[in-house]
Amino acid sequence: MENFTKKAQLQQHLQSLKAAGAVIGFVPTMGALHVGHLSLIKQAQQQCDVVVCSIFVNPTQFNDPKDLEIYPRPIQDDIAKLQQVGCDVLFNPGVTEMYADNEKWHLDIGELEGLLEGKFRPGHYQGVTQVVFKLFDIVKPAAAFFGQKDYQQVLVITQMVKLLNMPVKLAMCPIEREADGLAMSSRNIHLTAADRQHALILSKTLNNVKANFDSNHIEQLTQNAEAAISAELGLTLGYFEIADADTLRPATQTTKKVVALVAAMVGKTRLIDNVIVSS
Ligand code: AMP
């Protein structure tokens with residue numbers, strides 16, 4: 001695997017591959033790689049000739065400095081995992097390679113960035129669009145692969161690509177879960193053994209909503225879900241929303257494409273999860 005920390009060198013390398021006709025697939029990550037991330041790499045390998053993975057813990061998308069400070073950065077393990085799955089190129093820049101001093105611009109992508117995660121993490125999606133715009137501009141991939149795990153992020157990036165006419169095809173890959181249903185996340189390493197057990201209520205509740213969706217009212221399902229999560233020890237519910245899968249506005253009984261999304265503090269760790277209820 002080729003490993004670059006400088007964008008100019010990465011671009012030079014990719015230019016020669018593109019000139020030879022290679023289709024470039026791109027998987028942006030913040031590292032601490034797990035099976036979920038690797039599933040995106042594998043998906044990219046199926047559709048592209050060369051797969052570039054970036055590992056960059058993007059400071060502008062963290063609204064909590066403590067969260068940024070404790071974010072795991074096991075770069076040697078990550079490199080070994082990428083080599084194992086046969087990733088072609090790693091881009092692992094430092095902060096100064098990605099941002100000039102005092103860079104303040106952001107993209108206005110509309111109401112989506114202020115809903116759900118955006119409401120609970122003000123500025124988060126501005127940081128996400130900022131870094132993904134920059135990464136797309138550096139890599140110029142034909143296709144980019146994102147996880148359904150961050151469902152709202154996929155919609156945000158889709159909107160950005162549409163607004164800016166960016167020539168990249170986006171793919172959303174399924175959520176990889178532990179055997180007991182917990183959605184894989186780099187943040188799971190912060191969970192205590194007790195947190196880990198309590199966290200299972202999130203996927204359990206989402207699955208319940210999906211199983212009972214056709215025979216129940218949305219308000220009732222939402223209330224039951226909120227009650228079940230709030231009753232679980234050690235959890236503080238952020239939001240539970242049954243939403244229109246395209247807009248993330250609250251769903252009604254006539255909404256065709258529906259997604260249920262949840263965010264909660266589990267002990268000291270904030271987790272998110274979702275399930276597509278109907279599509
Ligand atoms: P992150 O490193 O958390 O920024 O995630 C990088 C990419 O991996 C994003 O597109 C995530 O949605 C995706 N991802 C994270 N966790 C999972 C998972 N459990 N299953 C599938 N994709 C995931």
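Just so it is clear, the structure is predicted and the values come from calculations on it, not from any experiment. Atom set for the values below is all heavy atoms of this structure, side chains included, hydrogens, waters and symmetry mates excluded. Counting starts at 1 for both ligands and their atoms, in listed order. Positions are given from 1, in the same order as the sequence printed here.
The closest approach between Ala32 and ligand 1 stays at or above 4.0 Å for every heavy atom of the residue. Within the structure, ligand 1 lacks Arg177 among the residues with a heavy atom less than 4.0 angstrom away.
Between Glu111 and Arg249 a salt bridge is recorded (basic side-chain N to carboxylate O distance below 4.0 Å). Remark: Glu113 does not engage Arg121 in a salt bridge, criterion side-chain N to carboxylate O under 4.0 Å. Comment: Lys257 does not engage Asp244 in a salt bridge, judged by the lack of any side-chain N to carboxylate O separation of less than 4.0 angstrom. Contact check on Arg270 versus Asp67 returns no salt bridge, with no Lys/Arg side-chain nitrogen under 4.0 Å from an Asp/Glu carboxylate oxygen. A salt bridge links Asp180 with Arg196: the distance from a Lys NZ or Arg NE/NH1/NH2 to an Asp or Glu carboxylate oxygen falls below 4.0 Å.
Atom 21 (C) of ligand 1 has its closest protein heavy atom at Pro174 O, 3.3 Å. Ranking the protein heavy atoms by distance from atom 5 (O) of ligand 1 puts His37 NE2, 3.4 Å first. Ranking the protein heavy atoms by distance from atom 12 (O) of ligand 1 puts Asp150 OD2, 2.6 Å first.
Listed by atom number, the atoms of ligand 1 under 4.0 Å from Leu40 heavy atoms are 7 (C), 8 (O), 10 (O), 13 (C). Each of the following atoms of ligand 1 lies closer than 4.0 Å to a heavy atom of Thr29: 2 (O), 6 (C). Atoms of ligand 1 lying under 4.0 Å from any heavy atom of Met30, numbered from 1 in the order shown and given with element: 1 (P), 2 (O), 4 (O). Of all atoms in ligand 1, listed by their number and element, those nearer than 4.0 Å to a heavy atom of Gly147 are 9 (C), 10 (O), 11 (C), 12 (O), 13 (C), 22 (N). Close contacts between ligand 1 and Phe146 involve ligand atoms 10 (O) [criterion: under 4.0 Å to a heavy atom].
Between Cys53 and Ile41 there is a side-chain heavy-atom pair separated by less than 4.5 Å.
When non-hydrogen atoms are compared, ligand 1 lies under 4.0 Å from the backbone of Pro28 (N, CA, C, O) but not from its side chain. Counting heavy atoms under 4.0 Å from ligand 1, residue Ser186 does not touch it at all.
Counting only non-hydrogen atoms, the option in Arg187, Gln61, Lys149 that gets closest to atom 14 (N) of ligand 1 is Lys149. Considering Glu178, Met184, Gln43 only, the shortest heavy-atom separation from atom 19 (N) of ligand 1 involves Met184. Looking at His34, Glu176, Met172, Gln153, it is His34 that brings a heavy atom closest to atom 16 (N) of ligand 1.
For NZ of Lys134, the number of neighbouring non-hydrogen atoms (other residues, nucleotides, ligands) closer than 6.0 Å is greater than 12.
Looking at Thr192 and Asp195, their side chains do bring a donor and an acceptor atom within 3.5 Å of each other.
Of the options Thr222, Leu261, Leu115, Val262, a side-chain contact (heavy atoms from CB on, under 4.5 Å) to Tyr239 is made by Leu261 and by none of the others.
Looking at every heavy atom in both residues, Pro28 comes nearest to Phe145 through CD-O, 3.9 Å.
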